[in-house]
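Throughout, protein chains are lettered first and strands after them, A, B, ... in sequence-line order, and every chain is numbered starting at 1. Hydrogens, waters and symmetry mates are skipped; everything else that's a heavy atom, side chains included, is used. From a predicted model like this one, the values you see are computed outputs, not experimental measurements.
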Protein chains: 2
Amino acid sequence: MAGVSSLDELIEALRCLPGVGPKSAQRMAYHLLQRDRRGAERLAKGLDAALQHLHHCARCNNFSEAEVCDQCLSTRRDPTQLCIVEMPIDLNSMEQTHAYSGLYYVLMGRLSPLDGIGPKELAFERLFNRAADGVVKEVILATNFTNEGEATAHYLSELLHARGLKVSRIARGLPVGGELEYSDAATVAQALLERRDYS
Amino acid sequence: MAGVSSLDELIEALRCLPGVGPKSAQRMAYHLLQRDRRGAERLAKGLDAALQHLHHCARCNNFSEAEVCDQCLSTRRDPTQLCIVEMPIDLNSMEQTHAYSGLYYVLMGRLSPLDGIGPKELAFERLFNRAADGVVKEVILATNFTNEGEATAHYLSELLHARGLKVSRIARGLPVGGELEYSDAATVAQALLERRDYS
């Protein structure tokens, strides 16, 4: 149907969004065109503006409009702690705890050899330079407890140790409010292995 | 964080997509900025182009770049049959059957009083004018078998009947390859009610 080519193009373009297949893309396009043209306009503008203005913070690698982001420039954060997370969304999770006041480094991914993502693609050298600034005393690895996140943590710990840095890993165990009965065996086993003195 | 405002705006803008909540919007924004900037650019352009070029076909109400779409202009379609569907995606489903060669009318929605969508919002008058062109002999109601789709079909059938048109409804029943054992009782009951002579 030659008459709907810009519709087809929009549907195809929507598929660049993660988790959006042909059917969802179609539904999204119809929704935008039929029910939310202002939203579509806003989205187009938002994409343009973000592409133009957002870069990576030179220190923490998170998205930032400035060369160094506000968080890295903040004097209220403890510069001796550096927490390494995979993605900005993980940084948000950490911040929501209000339990951490150090600085961050965002990997923007995880080691994933099958997807061709290795130490080079994640620019680990930049991270090592950042961690070896002489101020950082402890690097806290907060990558996910997936296979890839674990491999990334393991790899980083070796190389950070080699640079004489103290490296720690966030704990595994039962979730707060968790019950043994409803936890998987691996989690319970890990919670047992990583048990701490009860004082 | 003042430094990431265009990121926040993009995340907020992505939420206009149906089924996209705050977490998905965040994931999408990060994905686009980190892994698919070309896709983001293409999406922004696709939105702009679609908003600019796409309107509704004056005859079938489907999206079209021309005033009347190719399908409505086609001489290979049977103009005596008019199939009414809720959305363009339903039209596609009908077309994929290769079992229908008549024309369509796309409601671009369904009656949904709770959402404030009534006969006026769906421009039923336009549909009635279209159906009463003197050429259409049968109107086939192919709205979904949801409560709202059924209500829409019922409402339309009364008003189309009143205009002296022959109105039919696509059949309910077990799906092709369907087994009684795995079908819900309502579907089986309907399949029984709507049984046809076996010849």
Side-chain angles (χ1 to χ4, degrees), chain A residues 1-20 23-24 26-57 62-66 68-71 73 87-89 92 108-109, chain B residues 1-20 23-24 26-57 62-66 68-71 73 87-89 92 108-109:
Chain A
M1 291 198 280
V4 288
S5 62
S6 65
L7 178 61
D8 291 342
E9 260 168 48
L10 173 59
I11 292 173
E12 195 52 40
L14 281 163
R15 293 192 56 190
C16 72
L17 297 170
V20 174
K23 283 249 169 178
S24 315
Q26 232 171 356
R27 213 175 316 119
M28 284 174 169
Y30 293 147
H31 171 86
L32 290 176
L33 289 166
Q34 183 62 18
R35 303 241 174 272
D36 198 5
R37 282 185 168 246
R38 286 194 58 187
E41 222 170 281
R42 190 174 164 200
L43 179 53
K45 283 203 187 109
L47 287 163
D48 279 335
L51 286 172
Q52 206 183 327
H53 300 308
L54 284 180
H55 309 280
H56 290 288
C57 168
N62 198 356
F63 293 116
S64 167
E65 293 192 352
V68 176
C69 73
D70 291 356
Q71 201 173 41
L73 290 174
M87 296 296 290
I89 210 162
N92 295 351
M108 292 292 174
Chain B
M1 292 198 280
V4 287
S5 61
S6 65
L7 177 61
D8 291 342
E9 259 168 47
L10 173 58
I11 292 172
E12 194 53 38
L14 281 164
R15 292 192 56 191
C16 72
L17 296 170
V20 174
K23 282 249 170 178
S24 313
Q26 234 173 353
R27 214 175 316 118
M28 286 175 168
Y30 293 148
H31 171 86
L32 290 177
L33 290 165
Q34 184 62 18
R35 303 240 174 274
D36 198 4
R37 282 185 168 245
R38 286 194 57 188
E41 223 170 278
R42 191 175 162 197
L43 179 53
K45 284 204 186 108
L47 287 162
D48 280 334
L51 286 172
Q52 205 182 325
H53 300 307
L54 283 180
H55 310 281
H56 291 288
C57 169
N62 197 357
F63 293 117
S64 167
E65 294 191 351
V68 176
C69 75
D70 293 355
Q71 202 172 41
L73 290 174
M87 296 296 289
I89 209 162
N92 295 352
M108 292 292 175

Could you report the tightest heavy-atom contact between A:A13 and B:L43, atom names first, then the distance?
CB-CA, 3.8 Å

For the residue pair A:A40 and B:L47, what are the closest heavy atoms and their distance?
O-CD1, 3.8 Å

Who among A:M28, A:Q52, A:H53, A:E41 has the most heavy-atom pairs with chain B under 4.5 Å?
A:M28

Report the option among A:L14, A:D36, A:I89 that has the most heavy-atom pairs separated by less than 4.5 Å from atoms of chain B.
A:I89

Would you check if [X] and [Y] make a side-chain contact, meaning some heavy-atom pair closer than 4.5 Å?
X: A:L17; Y: B:V20; value: no
X: B:K45; Y: A:E9; value: no
X: B:F63; Y: A:Q34; value: yes
X: B:M87; Y: A:R27; value: no

Mind ranking [options] by heavy-atom pairs under 4.5 Å with chain A and telling me who comes out on top?
options: B:L10, B:L51, B:I11; answer: B:L51
options: B:A50, B:P88, B:G109; answer: B:P88
options: B:K23, B:R15, B:R37, B:E12; answer: B:R37
options: B:G46, B:A44, B:A49; answer: B:A44

Using non-hydrogen atoms and a 4.5 Å limit, figure out which bit of A:R35 sits close to chain B: side chain, backbone, both or neither.
side chain

Heavy-atom cut-off 4.5 Å, strictly under: side chain, backbone, both or neither for A:L32 against chain B?
side chain

Could you state the interatomic distance from SG (B:C16) to CZ (A:R38), rounded to the nearest 0.5 Å?
11.5 Å

